[in-house]
Chemist: 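First the structure, which I've put down as structure tokens, then a few questions once you've had a look.
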Amino acid sequence: MIRTRFAPSPTGFLHVGGLRTALYNYLFAQHSNGKFLLRIEDTDQKRRVEGAEESLLNTLKLVGLDYDEGPYKEGPHAPYIQSQRTDIYRKYAQELIEKEVAYPCFCTTERLEEMRNKQQELKQAPMYDRACLKLTKEEIEAKKAANEPFVIRQKIPRGEKLRLNDLIRGIVVFETSTLDDQVLMKSDNFPTYHLANVVDDHLMEISHVIRGEEWLPSTPKHIMLYKALGWEPPQFAHIPLLLNKDKSKLSKRQGDVSVESYLEKGYLVPALINFIALLGWHPGKGEEQEIFTMEELVNKFDLAQVHKAGAIFDTDKLDWFNFQWGKKLHFKELEKIAKEIDPDVKIEENQRKEPVHTFSNADNERMFSQKRGEILLAKCEKHLKPQWTEKPETKAVLLKAIVTIEEKILKNPSEAQAHLECFFNPKDAAKALILNEKMKVDEAVTATALSEGLKALKDFDGWDSINKLQTLLLNLAKELNLKNGQLLWPLRVALSGEEFSPGTFEMLWALGKDESLKRINRSLQKTPREA
RNA sequence: GGUCCCAUCGUCUAGUGGCCCAGGACGCCACCCUCUCACGGUGGAAACACGGGUUCGACUCCCGUUGGGACUGCCA
């Protein structure tokens with residue numbers, strides 16, 4: 001039975017590196033029909049952060065990493081919070097002393113510090129000098145009786161070779177003489193990671209310990225503890241680190257590392273998972289697919305394909321994943337509501353692989369467009385000026401305008417405001433902007449385009465359809481013997497007042513007849529006809 | 001300093017001795033589409049750290065060098 005665990009320390013928000021560790025544990029367990037457990041490692045009273053545990057649990061839930069056993073869930077090995085298991089660790093610490101693979105140490109922090117400084121100066125490896133190992137039973141009892149605080153240290157044998165077969169790194173050999181006598185129990189009677197982790201992983205029947213590479217150097221100590229207690233060690237898989245741009249271990253100081261903050265910024269859960277999964281793992285076999293659902297990841301995941309080298313956490317690619325997933329999810333949602341509105345709707349893909357919805361009547365199409373606006377609005381509402389969404393008349397325009405900038409919202413919702421500005425705060429079109437040499441738009445062309453455009457639009461009654469507006473103006477351009485751009489550019493700039501904006505047909509449609517004619521008219525007044 | 005880990009385009013990576021004068025993706029650049037921006041399409045620049053072996057043949061195996069990283073806490 002495969003059993004894995006994620007064992008975070010509740011000292012803050014869930015870190016993206018932690019998310020990846022959790023994800024690999026989850027994927028591996030799911031892939032092999034095993035169990036994934038969550039255990040809270042809160043043995044350091046000093047680093048306790050209020051609310052961190054809740055936030056951790058909450059984020060894990062948000063990203064869909066549900067655990068089979070863990071806090072607030074029934075499980076055969078409860079409790080899953082280490083601070084509630086201290087009796088267990090004390091018992092095993094005692095057992096280790098009795099087996100003489102651990103010993104009490106009364107050295108003060110000051111003495112240890114002094115010792116290390118000296119060793120550093122002599123360019124020696126800082127290691128505990130085993131002063132307390134020489135204590136007799138009587139001396140130990142006397143110190144205990146005098147209430148001297150003490151820790152329990154692991155007694156590492158000297159001159160032995162320890163082989164570890166890591167699932168990712170292969171065989172790693174350690175010389176035990178280079179290993180320090182690790183503290184197992186602190187003077188506050190709480191265990192350190194090293195003891196608690198070994199005891200719990202054994203008791204909770206963890207088969208595979210999948211954890212960050214930073215643990216590799218202490219793994220031989222852990223293996224010795226398993227052996228000393230007569231236990232079979234689990235399999236180890238040390239996954240590579242996530243790195244800052246300068247290749248150091250990913251840290252808060254060099255950018256955003258909390259999963260919550262990425263979620264808050266609007267990154268989609270499947271995009272984040274997709275991105276993180278591929279940082280240090282690849283399905284291999286020449287696979288060129290990049291977009292994977294959680295289900296596909298579970299199917300394809302394999303520890304043998306996890307890399308050895310660290311990966312830089314570079315969010316450029318995350319932005320791309322987010323855009324891909326944004327489109328995918330959005331189009332799926334549109335399909336659903338289109339079918340709800342009109343069971344006979346025809347959905348075809350255009351050349352860009354975007355869905356085109358053809359409805360059986362104009363009412364359905366209108367309703368769909370409105371719904372589409374509402375969906376898009378929900379994606380960017382928090383970035384918009386509230387006055388646009390509050391007034392009914394501006395809201396109607398907004399729901400249309402927002403559809404015209406769909407791909408921009410999908411790409412980056414926080415920029416929606418800037419793209420929508422031209423619908424609500426029209427700037428007078430600067431003459432210099434309308435005239436465009438490259439497009440062959442001079443003053444005469446502008447005057448013709450605006451006045452003829454205005455004339456045609458005045459009597460037009462197809463304002464509810466972008467397609468009809470398009471047909472009208474394209475035909476007009478032909479009649480006037482103008483290139484499309486010569487007619488459409490002046491009109492678009494007259495409508496938006498901007499160099500960049502949604503297209504002419506889209507703007508006309510969203511703005512509606514009255515406002516459109518007003519804007520074109522105003523530009524026309526200001527643009528002198530050629531003499 | 002010591003111990004351990006690692007090393008293919010700027011980044012994420014494919015590659016398990018001949019399929020590779022190295023493939024994909026992001027980013028970048030150019031062109032196309034086009035009423036602008038964007039979207040989309042096509043193309044381009046861009047990497048096996050170095051030196052020795054082993055082999056008929058090395059990105060792939062071995063050794064060394066160099067470089068990077070982690071650990072070296074009564075933190076995890």
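Below, chains carry the letters A, B, ... as their sequence lines are ordered, and counting in each starts from 1.
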Chemist: Before accepting this row, confirm whether a basic side-chain N of the pair A:E407/A:R352 lies closer than 4.0 Å to the acidic partner's carboxylate O.
Modeler: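 Here A:E407 does not pair with A:R352 in a salt bridge, since their nearest N and O are not under 4.0 Å apart.
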Chemist: Could you tell me how far B:A45 sits from B:A22 if I compare only their C1' atoms? Round to whole Å.
Modeler: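 About 16 Å, rounded to a whole number of Å.
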Chemist: Both conditions, 6.0 Å and 45 degrees, for the charged tip of A:K300 above the ring of A:F292: are they met here?
Modeler: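 Negative - A:K300 is either too far from the ring of A:F292 or too far off its axis.
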Chemist: Check the distance between B:G15's C1' and A:Q305's CD and give it to me in whole angstrom.
Modeler: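 Nearest whole value for this atom pair: 10 Å.
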Chemist: Give A:G284 one of three labels, base, sugar-phosphate or nothing, depending on what nucleic acid heavy atoms sit under 4.0 Å from its own.
Modeler: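 Touches sugar-phosphate only.
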Chemist: Using the ring of A:Y128 (Phe, Tyr or Trp, six-membered ring only), decide whether A:R153 places NZ or CZ under 6.0 Å from its centre and within 45 degrees of its axis.
Modeler: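 Yes.
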Chemist: Ring centroid separation for A:W281 and A:Y24, is it under 6.0 angstrom?
Modeler: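 So the answer is no for these two rings.
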Chemist: Got a salt bridge between A:K123 and A:E121, using NZ or NE/NH1/NH2 to carboxylate O under 4.0 Å?
Modeler: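 Salt bridge absent between A:K123 and A:E121.
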Chemist: Find every protein N or O atom lying less than 3.5 Å from an N or O atom of nucleotides 9-12 of chain B, and list the pairs.
Modeler:
unit_1	atom_1	unit_2	atom_2	d
B:C12	OP1	A:I312	N	2.9
B:C12	O2'	A:L278	O	3.1
B:C12	O2	A:K317	NZ	3.3

Chemist: Report the residue from A:Y267, A:W325, A:F313, A:W320 that forms a ring-ring contact (aromatic ring centres under 6.0 Å, His included) with A:F275.
Modeler: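 Checked A:Y267, A:W325, A:F313, A:W320 against A:F275; only one passes ring-ring contact (aromatic ring centres under 6.0 Å, His included): A:F313.
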Chemist: Identify, between A:E41 and A:Q182, the residue whose nearest nucleotide on RNA chain B lies closer to the 5' end.
Modeler: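 Result: A:Q182.
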Chemist: Taking the nucleotide of RNA chain B with the nearest heavy atom to each, does A:E288 or A:A309 sit closer to the 5' end?
Modeler: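 The residue closer to the strand's 5' end, by nearest nucleotide, is A:A309.
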Chemist: Between atom CZ in A:R211 and atom P in B:C71, what is the gap in whole Å?
Modeler: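 So the two atoms are 13 Å apart, to the nearest Å.
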Chemist: Could you give the OH-to-C1' distance, from A:Y103 to B:C74, as a whole number of Å?
Modeler: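 A:Y103 atom OH is separated from B:C74 atom C1' by 13 Å.
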Chemist: With sugar-phosphate meaning primed atoms plus P, OP1 and OP2, does A:T192 contact a base, only sugar-phosphate, or nothing at under 4.0 Å between heavy atoms?
Modeler: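 Sugar-phosphate contact only - A:T192 comes under 4.0 Å of backbone atoms but never of a base.
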Chemist: Distance to the ring centre below 6.0 angstrom and angle to the axis at most 45 degrees; does that hold for A:K155 and A:Y103?
Modeler: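 Because its charged atom misses either the 6.0 Å distance or the 45° angle limit, A:K155 does not stack over A:Y103.
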Chemist: Which residues in residues 7-22 of chain A have at least one heavy atom lying under 4.0 Å from any atom of RNA chain B?
Modeler: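 Here the set is A:S9.
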Chemist: Using the C1' atom in both, what is the distance from B:U60 to B:U55, to the nearest Å?
Modeler: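 Each nucleotide's C1' atom is 13 Å from the other's.
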Chemist: Can you name the salt bridge (charged side-chain N to carboxylate O under 4.0 Å, His left out) partners of A:R116, sequence neighbours left out?
Modeler: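 Applying salt bridge (charged side-chain N to carboxylate O under 4.0 Å, His left out) to A:R116 gives none.
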Chemist: Please report the distance, rounded to the nearest Å, between CD1 in A:I291 and P in B:G24.
Modeler: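 In whole Å, B:G24 P lies 17 Å from A:I291 CD1.
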Chemist: Is there a Watson-Crick or G-U wobble partner for B:U11 with both distances under 3.5 Å, and which nucleotide is it?
Modeler: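 Looking at the geometry, B:U11 pairs with B:A25.
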Chemist: Does the side chain of A:K186 get closer than 4.0 angstrom to OP1 or OP2 of B:A76 through an N or O atom?
Modeler: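 So the side chain of A:K186 is within the cut-off, an N or O lying under 4.0 Å from OP1 or OP2 of B:A76.
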Chemist: When the P atoms of B:G27 and B:C33 are considered, how many whole Å apart are they?
Modeler: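 It comes out at 23 Å once rounded to the nearest Å.
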Chemist: Taking pairing as Watson-Crick or G-U wobble with both contacts under 3.5 Å, can you name the mate of B:C39, or confirm there isn't one?
Modeler: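 Answer to the pairing question: none, since B:C39 forms no Watson-Crick or G-U pair.
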Chemist: Measuring only the P atom in each nucleotide, how far is B:A47 from B:C59? A whole number of Å is fine.
Modeler: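 The same atom, P, in both gives a distance of 15 Å.
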Chemist: Mind checking A:K245 for me? I need base, sugar-phosphate or nothing, with any heavy atom below 4.0 Å counting as a touch.
Modeler: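 No contact at all - A:K245 keeps every heavy atom at 4.0 Å or more from the nucleic acid.
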Chemist: Is there a Watson-Crick or G-U wobble partner for B:C61 with both distances under 3.5 Å, and if so, which one is it?
Modeler: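 B:C61 is paired, partner B:G53.
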Chemist: Strictly distance-based, threshold 3.5 Å: is any side-chain N or O of A:N475 a donor or acceptor partner for the main-chain N or O of A:T471?
Modeler: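 Checking the backbone N and O of A:T471 against the side chain of A:N475, a donor-acceptor pair under 3.5 Å is found.
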Chemist: With a 4.5 Å limit on heavy-atom distance, are the side chains of A:E406 and A:L334 in contact?
Modeler: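 Result yes, sub-4.5 Å side-chain heavy-atom pair found.
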Chemist: If a protein heavy atom is under 4.0 Å from the base, mark B; if only from the sugar-phosphate, S; if neither, -; do that for nucleotides 31-48 of chain B going 5' to 3'.
Modeler: ----BBBBBS--------
Chemist: Just to verify, what does A:D44 make a side chain to side chain contact (heavy atoms under 4.5 Å, CB included) with, not counting sequence neighbours?
Modeler: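 A:D44: side chain to side chain contact (heavy atoms under 4.5 Å, CB included) contacts with A:K46, A:R47, A:K186.
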Chemist: Rounded off to whole Å, could you give me the CG-to-P distance for the A:N117 and B:G73 pair?
Modeler: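 After rounding, the reported distance stands at 11 Å.
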Chemist: Sticking with atom C1', work out how far B:A46 lies from B:C28, rounded to a whole angstrom.
Modeler: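 Approximately 10 Å lies between the C1' atom of B:A46 and that of B:C28.
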Chemist: Under 3.5 Å between N/O atoms: give me all the protein pairs with nucleotides 1-5 of chain B, atom names plus distance.
Modeler:
unit_1	atom_1	unit_2	atom_2	d
B:G1	O2'	A:K123	O	2.9
B:C5	O2'	A:R169	NH1	2.7
B:C5	O2'	A:E213	OE2	2.9

Chemist: Kindly give the heavy-atom pair with the smallest separation between A:P104 and A:C132, and that separation in Å.
Modeler: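 Shortest heavy-atom contact: O-CB, 3.7 Å.
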Chemist: Does B:U3 have a Watson-Crick or wobble partner in any strand here, with both distances under 3.5 angstrom, and which is it?
Modeler: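 Because both required distances fall under 3.5 Å, B:U3 counts as paired with B:A70.
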Chemist: Can you tell me how far C1' in B:C50 sits from the matching atom in B:U66, rounded to whole Å?
Modeler: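 Going atom to atom, C1' in each nucleotide, I get 7 Å.
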Chemist: With a 4.0 Å cut-off on heavy atoms, is A:K483 in touch with a base, just the backbone sugar-phosphate, or nothing at all?
Modeler: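 If one applies the 4.0 Å heavy-atom cut-off, A:K483 turns out to touch nothing in the nucleic acid.
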Chemist: Check A:K427 with A:E421, please: is the shortest side-chain N to carboxylate O separation under 4.0 Å?
Modeler: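 Salt bridge absent between A:E421 and A:K427.
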Chemist: Rounded to whole angstroms, how far apart are OH on A:Y89 and C1' on B:C74?
Modeler: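 Whole-Å distance recorded here is 17 Å.
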Chemist: Looking at A:V183, is its backbone amide N or carbonyl O close enough to the side chain of A:T192 to form a donor-acceptor pair, meaning the two atoms are under 3.5 Å apart?
Modeler: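 Answer holds: yes.
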Chemist: I'd like the C1' distance from B:A38 over to B:G23, given in whole Å.
Modeler: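 Result for the C1' pair: 30 Å, nearest Å.
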Chemist: Could you state the CZ-C1' distance from A:F236 to B:A70, rounded to the nearest angstrom?
Modeler: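 In whole Å, B:A70 C1' lies 17 Å from A:F236 CZ.
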Chemist: Closer than 4.0 Å, any side-chain N/O of A:R47 to the OP1 or OP2 of B:A76?
Modeler: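 Indeed not, no polar side-chain atom of A:R47 lies that close.
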Chemist: Could you check whether A:D180 pairs with A:K221 (Lys NZ or Arg NE/NH1/NH2 to Asp/Glu carboxylate O, under 4.0 Å)?
Modeler: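 Salt bridge: no.
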Chemist: So what does A:T43 touch, heavy atoms closer than 4.0 Å: a base, only the sugar-phosphate, or nothing?
Modeler: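 Sugar-phosphate, backbone atoms only, no base.
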Chemist: Just the rounded figure in Å: distance from C1' of B:A76 to CD of A:Q45.
Modeler: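 For the pair A:Q45 CD and B:A76 C1', the rounded distance is 14 Å.
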Chemist: For A:C422, answer base if it contacts any base atom (sugar-phosphate contacts may also be present), sugar-phosphate if it contacts only those atoms, and nothing otherwise; contact means non-hydrogen atoms under 4.0 Å.
Modeler: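 A:C422: no heavy atom of the nucleic acid under 4.0 Å.
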Chemist: Considering only atom C1', compute the distance from B:C61 to B:C75 and round it to an integer number of Å.
Modeler: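 Going atom to atom, C1' in each nucleotide, I get 41 Å.
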Chemist: Give a yes-or-no answer on whether the side chains of A:S465 and A:N467 include a donor-acceptor pair shorter than 3.5 Å.
Modeler: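 On atom types as modelled, these side chains do not qualify, holding no pair under 3.5 Å.
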Chemist: Counting only heavy atoms not in A:R158 (residues, nucleotides, ligands), do more than 12 fall under 6.0 Å from its CZ?
Modeler: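 Check passes, neighbour count above 12.
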